[in-house]
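First the structure, in the form of structure tokens, and then the observations on it.
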Amino acid sequence: MSARMYRLGAVVAVIVLVAAIGGGVAATPGGPDATTNGSEAGNATAPHENPDEVQEEGDDRRVSAYLASRLGDRLTESALAINAGEYERGGERLNEKYGDLLDQYGAVARDLDEGELAERFNLTREQQQSVIGQIEDLEATRVEYEEAVEEGDEERRRELARELLAGAEELNQTASELDRQYAVLGNETSVNFEEAQQAIEDAQVRVGQAAVLIEQREFTATRLAAETNRTAVSVSEPASVSGRLTTANGTPVANGSIRIRMDADSVTTRTDRNGTFAATYRPLLASTEASNLTVAYEPAESDRYLPTVRTVPVSIAERANTSVTLAEATETVAFDQPVRANGTVRVDGAPEGAIGGIPVVLAVDGRRLATAETEPDGAFDLDGVLPADVPAGETDVEVAIDRRDAAIERSAAAESLTVRSTPTTLSLNATADVGGNVTVSGALTTDEGAALATREVAIAVGGTKVEQIATDGEGRFREAVAVPDGVERSEAVTVSASFDAAGTSFEETTATREVMLPQPSGANGRGSADAVTEPTALRSLLVGALIVAGALLVIGRRALRRWGRRLGSRLGLISGPVDDAPSDSSTPGGAAAAGTNPSADAAGETPASSSPFDRARITLSTGRPDDAVRIAYGAMRSQLQPPETDATETHWEFYHRWRDDADVDRTQLRTVTEAYETAAFAPDSVSSDAAGDAVTASDELAGRRERADD
């Protein structure tokens, strides 16, 4: 211990001594006689208040109107910049400063129950930022288009032209919504947004006109005529759809792609050289609520024609009956194993090869495992994996049509399935510390080693459940749990971990360990009744000890160390030899000697051929981390310290002398030194983990030095 620490000890001793002699009387802060800033509490001046936080409702209204006006100014400035083509400046007006104003406005608006206005200001900003982004994208696409025109790349320029048309349409929708937001904000805040609205409209029109010019240059408008032979359709009575595709002046468009769609149903065909087409629409998956058949011409990206759409009124007359037949299905399965089924779907009234695309689902015990679609002939093949939450025993594997309220009825087929249980394995490690905790760790797996993640493991100490721990992604768990009240210390106790497999196909499993609970730090073997019935004698003894300790500081720290150890030993606070014994394992020099002396194992006996570090580990395993650290530190120090050096060096003096040595790992040396300081001088014990690290570091330091000497 350094001289500084001894001086600090003297100060503490004097303070405690004065408090003990004074009878332990102390003033209570905040009591009736307490004063503040030199004045009695009853006459204390009230603290100043922030004027910004003391506002009447009228003040809030004025602040709200001011902030709304500032936000409106920034929106308008941004809109004017957009119309001028200054998109970067338009975005800057909506950046962080706008956000700061919006936060201030939101705080006031909430006090006035007008939080929706703050949300609308934010939505308006986001939509205006979208307008900026869309216009910038359109400008970039237009530049690419002009380059394709110059290069004579007809296919590429038409693809880019279609992108421009689609982007212009998207811009129109965003700008229209932004205009509506401006109108609502203007009505609810009295801020005039007419200038901003006009600027956005002008920018939108300018971009739209450019798109129209490109459309006229690149594309030819088309016309589509379509009709059906009936307006009420079913599987057994499909509709015949026919029509013709031409340009605006009547020129037929050959080989055009025509898509006929009704809700989830879709049929495609192509026009002939006269522009005519014909197809049969048979409803399968369309909703019974559907009422229109859509016929659309969908040109390729490089085509020179524009798309066109027509709708024809059509309804579902009746739903067709269906059936599902299983050809093969899994009969026995366990967790994480495949579940398979194949078979056929039949639809009444449907011709052969006309029922492809019907969705089917594979389920076990009501849990969906896989989905697929039927082939044109109705065949299906499904493959899933059994989850853990299907209990062991008899259940069903089912395949069903995965559609309701469609033009076809829903049907299903099932076969019996046996779910086998899966054995599990639970490993458990447990160590106790003097702080009243037991650290438990382990892993939960199947008997084949597959990790079981996110499963609950119940921990019990001495037969009392203390914790429920969830395993991680690798099936592992680790946690420190408290020892229940009533469990005797200094005795072996059973720690158990159990996995309750209820609701799954897993089997239950349990693991147990016997752990020696160490005596709590500072325990002297006497009951609490002794401490209560003899307070005066104990205080007198402590006061006398502190007086002697203070006086001994004048003699010198080495004398103090000897007298302090002797006094501590006589008081029963320190066990082991004192300074008149051959060595003192509680001081750095004594620890070195202790490292070379025999040390008892858990049974009080010394292994004949174990090293000091082996003995340290045995000591740690018996729940004595402080003793383990002392033994390891002493052995390490004996190995590093030449015989001619000063054995009375404190542990920190020893650290500073050796930390820069090429054969010494400074980090390991610090780990050992800090652990030794806690073990030898601190009121609390070293944790089991820290003690284990210190023993390992000590062993490695000693071994490395020994190799260097060789």
Side-chain angles (χ1 to χ4, degrees), residues 49-141 164 166-211:
E49 295 179 319
N50 186 345
D52 293 338
E53 298 177 357
V54 183
Q55 298 174 336
E56 300 295 335
E57 183 174 342
D59 297 324
D60 284 344
R61 292 288 179 190
R62 287 192 291 272
V63 171
S64 173
Y66 169 75
L67 292 172
S69 176
R70 291 284 305 280
L71 290 169
D73 289 344
R74 284 190 161 266
L75 286 169
T76 299
E77 291 167 3
S78 171
L80 293 172
I82 293 170
N83 192 32
E86 300 174 359
Y87 308 122
E88 183 175 354
R89 186 168 68 88
E92 288 176 352
R93 305 308 294 166
L94 306 177
N95 62 8
E96 186 175 350
K97 187 62 179 295
Y98 186 98
D100 293 341
L101 288 171
L102 185 59
D103 289 342
Q104 297 171 25
Y105 178 78
V108 178
R110 283 191 296 273
D111 291 340
L112 298 174
D113 293 329
E114 296 176 353
E116 291 184 1
L117 279 177
E119 294 177 4
R120 194 174 294 278
F121 266 113
N122 186 52
L123 179 59
T124 303
R125 172 176 67 167
E126 291 177 352
Q127 290 177 334
Q128 191 147 311
Q129 288 172 328
S130 294
V131 166
I132 295 173
Q134 290 169 2
I135 292 179
E136 287 181 322
D137 289 344
L138 286 169
E139 289 287 347
T141 304
L164 284 169
E169 180 60 30
E170 184 179 354
L171 174 63
N172 289 340
Q173 295 175 359
T174 304
S176 297
E177 181 58 33
L178 177 59
D179 185 71
R180 286 191 289 271
Q181 294 295 338
Y182 273 135
V184 174
L185 279 177
N187 291 333
E188 296 185 2
T189 64
S190 299
V191 176
N192 189 340
F193 290 105
E194 291 183 359
E195 190 175 13
Q197 289 173 282
Q198 187 61 53
I200 295 296
E201 181 180 350
D202 290 346
Q204 175 190 357
V205 169
R206 185 178 65 256
V207 173
Q209 288 176 340

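For Arg110, the side-chain contact (heavy atoms from CB on, under 4.5 Å) criterion is met by Ala107, not counting sequence neighbours. Partners of Glu201 under the side-chain contact (heavy atoms from CB on, under 4.5 Å) rule, at least two apart in sequence or in another chain, are Gln198, Val205. Checked against ring-ring contact (aromatic ring centres under 6.0 Å, His included), Tyr98 has no partners two or more places apart in sequence or in another chain.
Across every non-hydrogen atom of Gly72 and Phe121, the tightest pair is N-CE2, 4.4 Å. Scanning all heavy atoms of the two residues, the minimum distance from Gly90 to Ser78 falls at O-OG, 2.7 Å. Residues Leu112 and Ser64 come closest through the heavy atom pair CD1-CB, 4.0 Å.
Residues in residues 169-198 take part in these ring-ring contact (aromatic ring centres under 6.0 Å, His included) pairs, two or more places apart or across chains: Tyr182-Phe193. Applying the side-chain hydrogen bond (donor to acceptor under 3.5 Å, both in side chains) rule to pairs touching residues 184-195 yields nothing, sequence neighbours excluded. Within the structure, the salt bridge (charged side-chain N to carboxylate O under 4.0 Å, His left out) test picks out the following pairs touching residues 113-133 (sequence neighbours left out): Arg61-Glu114.
Checked for salt-bridge contact, Glu177 and Arg180 meet the test: a charged N lies under 4.0 Å from a carboxylate O.
In this structure, Glu96 CD and Asp103 CG are separated by 10.0 Å, a value rounded to the nearest 0.5 Å.
With 3.5 Å as the limit, one finds a donor-acceptor pair spanning the side chains of Arg70 and Tyr66.
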